[in-house]
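The structure under discussion appears below in the form of structure tokens.
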Amino acid sequence: MTKITDLGVIETLEGLKSKEFSSEEVVSEYLKLIQSDSKLNAYIHFNGEKSLLEAKKSDQRRANNNSLPLDGLPIAVKDIFCVAGEKTSACSKILENFIPDYESTVTSKLWQAGGIYIGKTSMDEFAMGSSNETSYFGEVINPWSSDGDALVPGGSSGGSASAVAAKMAPIALGTDTGGSIRQPASFCGAVGIKPTYGRCSRWGIIAFASSLDQAGPITRSVKDSAVILQNMAGFDTMDSTSADIKVPDFINSCSKPIKGMKIGIPEEYRLDGLANDVQNVWESGIKWLKEAGAEIIDVTLPHTKYALPTYYIVAPAEASANLARYDGVKYGYRSENIKDLEDMYSQTRAEGFGAEVKRRILIGTYVLSAGYYDAYYLRAQKVRTKIVEDFTMAFNKCDAILTPTTPTGAFKIGEKNIDPVTMYMNDVFTVPASLAGLPAISIPSGLDAKGCPLGLQLIGKGFDEETIFSIGSILEESANFKNI
Ligand code: GLN
């Protein structure tokens, strides 16, 4: 028999609508799983009382025929979104006990649409990482791990991807700065979309790199992601970088044919030594799209090899500025071990931030410092423009670009966290679209040599999530990927 927690977003909403079950029942079932989880560590915080109260209100609205589009649907939230009255720490010691009294725009839109907050999911500290190993609250386990071989869920939205894949949430919110929705979705066999920069408001999301950060859903199907994004997106006067353009019908675009569409395959993504399993899944994707009537063409993105170094200058530079506010003065952790004001700043930051965050602050401060600014930061900005131009040229020839999401499947806990550059290599396929601000989705499309999920990435034109939803739906149907 299908359990309530086996259902995705659309199925849960259908069951609620037909009164097969109530929101209170759905929420209780998820809470049971969250409370008893001793394996994955996907959630770091939840508030069952509040969730159940909201579920009851939702059931009441339904009984009164006043229901909202997402009424009664449990939604897990990456710990980077401010949720009023709930601990919001970005999985850092420095914000361990921070309770905002305001709500991020994205979450408030989802609650206004009837969604129910079900808990906070773990993440890499301040969203810096690709394995969820930098979380102050401990590592998260990928539900695809076999006994004795614990795998990372990816990062930084690792808790969200793990929770969705393990059916501990029908949907979880993530954020993506250089791949943090797509890479964990790929590692856990889930769908994850990073919308166009500006599609969703960043207000109330703890900032990492403000010119790159975007919020998006992680779900078990393409259409589920479309339903959620529909309710998250839109202009917000509180975020001057959010775009004042109409949000199209994403749900409808999931069933549009792709016959005649041109799909670009970038030659620069055919890395030397690309693992066979990844290559094979990519070939399958190409075949499926051809069979659906799309035309496959070669495109070139000549500056791809500079994307990773560019990202690892731009993102730390912005992070070093954004994280300057954590100094122990107004909120967050404050060291007790202090002599004077300056000592308070430095001790607070030395004790409050983890090693990866400190590394990024150091790099960022260095590349922005007088004497190095032109050589690093300014140069990186220029290369970023070149990367944008590469995509503009490619999109003169094609409607979307198909690539693998990651160069490998999920790796073992501890395998890559010794050498930061090895870890950064994970982002090689996801970072270019981030630098260009383009929408990109990861669809589970096959298995690696270990039998763990591999995703394919579709990159679309700016504000054309519709096309990647259409093509993504075809990939999903053809891959017929079986979740755990
Ligand atoms: N893994 C990348 C990093 O560590 C991307 C993180 C993200 O998208 N938030 O910066």
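Note: hydrogens, waters and symmetry copies are ignored here, and every other heavy atom, side chains too, is used. Every number for a ligand or one of its atoms is a count from 1 in the order of the listing.
Here the shortest heavy-atom distance to atom 2 (C) of ligand 1, taken over Asp427, Asp213, Asp176, Ile181, belongs to Asp427.
Residue-level proximity to ligand 1 for Tyr312 is carried by the side chain, the only part with a heavy atom below 4.0 angstrom. The backbone and the side chain of Ser180 each have at least one atom closer than 4.0 Å to an atom of ligand 1 (non-hydrogen atoms only). Here Thr177 has heavy atoms under 4.0 Å from ligand 1 in both its backbone and its side chain.
Side-chain atoms of Ser162 do not come within 3.5 Å of backbone N or O of Gly158 as any donor-acceptor pair. A donor-acceptor pair under 3.5 Å is absent between the side-chain atoms of Ser242 and the main chain of Ser201, judged by distance alone. Side-chain atoms of Lys120 come within 3.5 Å of backbone atoms of Phe81 as a donor-acceptor pair (strictly under, hydrogens ignored).
Near Phe208, the atoms of ligand 1 lying under 4.0 angstrom from a non-hydrogen atom of the residue are 9 (N), 10 (O). Close contacts of ligand 1 with Met128, meaning ligand atoms under 4.0 Å from a residue heavy atom, involve 4 (O). Annotation for ligand 1: atoms under 4.0 Å from non-hydrogen atoms of Ala127 are 6 (C), 7 (C), 9 (N).
No N or O atom of Gly155 sits closer than 3.5 Å to an N or O atom of ligand 1.
Ion pairing between Glu476 and Lys223 fails under the 4.0 Å rule for side-chain N and carboxylate O. The pair Arg182-Asp176 counts as a salt bridge, with a side-chain nitrogen and a carboxylate oxygen less than 4.0 angstrom apart.
In this structure, Arg360 is part of the shell of residues with a heavy atom less than 4.0 angstrom from ligand 1. The closest approach between any non-hydrogen atom of Ser156 and ligand 1 is below 4.0 Å. Under a 4.0 angstrom heavy-atom cut-off, Tyr424 registers as lying outside contact with ligand 1.
Between Phe411 and Phe187, the ring planes are perpendicular. Angles over 60° get that label, and only those under 30° would be called parallel.
Between the side chains of Lys416 and Ser131, no donor-acceptor pair is found at a separation under 3.5 Å.
Tyr333 carries Lys93 over the face of its six-membered ring, with the cationic atom under 6.0 Å from the centre and within 45° of the normal.
Tyr311 OH, 3.3 Å is the protein heavy atom nearest to atom 5 (C) of ligand 1.
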